[in-house]
Amino acid sequence: MSTAKKNYKKVTTHSLAEMKRNGEKIAMLTAYDFTLAGLVDKGGIDVILVGDSASNVMAGHETTLPITLNQMIDHASSVVRAVDRALVVVDLPFGSYQGNPTEALNSSIRIMKETGGHSVKLEGGRTVMDSVTRIVNAGIPVMGHLGLTPQSIYQFGTYTVRAKEDEEAKRLKEDALALQAAGCFAIVLEKIPAHLAKVVSESLHIPTIGIGAGPDVDGQVLVLHDMLGMNTDFSPRFLRRYLNLSESIQGAVSSYVGDVKSKDFPSEDESY
Ligand code: KIV
């Protein structure tokens, strides 16, 4: 197996399959707006997820449930305008696909037509299989999402690790195979034991992307605002912070406030 990194000018679902075959890990991050999406794309990310975590991160809701399809479309079209290289995946929000396969297809078509995104993501296993088939048959690539699926938080009751028990682990393995058979091009595995994520990843020919699923998956995803350290209240074990932006931003704002109050800003050079 070669681990040489190929230079993809534009990342497609086919590139991701090739990365898995070549043993090259896939790097995915979320983004929700034009400015940050452009920076993330220039940083060399393979996949940008316009996640329904926008409900938490951008809108301040406690869960992902309140965000609407129209709001997701607004976020996704801003992201797409900024992106040259990455594959853009857009979350189908809660309530936009669970009703039936026709509803799922219509929501996916709206996302593709109105945002220019490249694919959609939905949560669930065999219960959403018919919807996955319907969307894929319309020519729209679909990413699955198993394990901790935040749209079902009120059914789970907590955000703790899923599939620790044999029965749920067995169901998850079967769901992953079912999503692959239905035509998903990749599957997110969220907050499950590392050994289970490894077994699932080895059982599939499509890539798995983990968040809190250990190292033996085909790629990793984090929420951008969390890995940039913009949200210090959220510190799960799986999160690695690459910056402490909350401190930098608050520091910059308080320096600015000080400069305005002391009349140091603007100077003569900063005036016309
Ligand atoms: O919405 C989101 O950010 C996600 C990731 C956590 C995978 O679904």
Side-chain angles (χ1 to χ4, degrees), residues 16 25-33 36-37 40 45-69 71-76 78-79 86-98 107-108 111 115 117-125 128 132 141-153 156 159-163 172 175-176 179 184-192 197 200-201 206-214 217-228 230-231 234-241:
L16 302 186
K25 298 281 186 185
I26 298 163
M28 171 161 136
L29 282 172
T30 64
Y32 319 99
D33 67 86
L36 285 178
V40 168
I45 204 75
D46 298 313
V47 185
I48 293 183
L49 171 65
V50 185
D52 60 357
S53 48
S55 179
N56 313 100
V57 173
M58 302 301 285
H61 293 296
E62 207 173 301
T63 72
T64 58
L65 275 68
I67 199 160
T68 64
L69 183 57
Q71 287 170 322
M72 288 302 297
I73 286 173
D74 285 345
H75 286 298
S78 305
V79 166
L87 179 85
V88 178
V89 181
V90 184
D91 259 339
L92 282 163
F94 178 68
S96 72
Y97 64 95
Q98 288 90 347
S107 300
S108 304
I111 286 178
T115 73
H118 310 135
S119 58
V120 299
K121 175 165 87 57
L122 45 67
E123 296 182 3
V128 294
V132 171
V142 178
M143 181 178 271
H145 186 155
L146 294 172
L148 177 67
T149 46
Q151 292 178 11
S152 304
I153 189 59
F156 296 147
Y159 285 99
T160 53
V161 179
R162 302 302 313 173
L172 191 143
D175 280 340
L179 289 176
C184 280
F185 71 87
I187 302 176
V188 167
L189 298 176
E190 180 163 352
K191 244 181 160 181
I192 62 170
V200 171
S201 303
I206 59 171
T208 56
I209 315 281
I211 175 163
V217 283
D218 303 304
Q220 298 290 335
V221 58
L222 286 175
V223 168
L224 181 66
H225 292 58
D226 297 339
M227 63 82 80
L228 293 179
M230 292 175 91
N231 170 11
F234 184 63
S235 285
R237 173 179 173 151
F238 66 76
L239 175 62
R240 185 179 291 181
R241 287 206 176 88

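Computed from a prediction, not measured in an experiment: that's the story for all the values here. Indexing begins at 1, ligand by ligand and atom by atom, following the structure's order.
Near His145, meaning under 4.0 Å from one of its heavy atoms, ligand 1 places the atoms 8 (O). Atoms of ligand 1 lying under 4.0 Å from at least one heavy atom of Val223, given by number and element, are 3 (O). Every atom of ligand 1 with a heavy atom of Thr30 under 4.0 Å away is listed here by number and element: 3 (O).
With a 4.5 Å cut-off on side-chain heavy atoms, His145 and Pro150 count as touching.
Of all the heavy atoms of Leu49, the ones lying under 4.0 Å from any atom of ligand 1 belong exclusively to the side chain. Residue Ile211 touches ligand 1 through its side chain alone, judged by heavy-atom distances below 4.0 Å. At a heavy-atom cutoff of 4.0 Å, ligand 1 is contacted by both the backbone and the side chain of Asp52.
The backbone N or O of Val161 sits nowhere less than 3.5 Å from a side-chain atom of Glu190 that would complete a donor-acceptor pair. Using modelled atom types, one side-chain atom of Lys191 and one backbone atom of Tyr159 make a donor-acceptor pair closer than 3.5 Å.
Ring geometry, His225 versus Tyr32: the interplanar angle falls from 30° to 60°, so the pair is classed tilted.
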Starting from the C-alpha separation in whole Å, work towards a yes-or-no answer on side chain to side chain contact (heavy atoms under 4.5 Å, CB included) for Met28 and Val188. CA-CA 10 Å; Met28 171 161 136; Val188 167; 4.0 Å; yes

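Atom OG1 of residue Thr30 and atom CD1 of residue Ile211 lie 8.5 Å apart, to the nearest 0.5 angstrom.
When hydrogens are left out, the protein atom nearest atom 2 (C) of ligand 1 is Ser53 OG, 3.2 Å; that is the closest non-hydrogen contact.
Using a 4.0 Å heavy-atom cutoff, Lys121 is listed among the residues neighbouring ligand 1. Residue contacts with ligand 1 leave out Glu123, since none of its heavy atoms falls under 4.0 Å from the ligand.
Heavy atoms only, all atoms of each residue included: Glu123 and Gln151 are closest at OE1-N, 2.9 Å.
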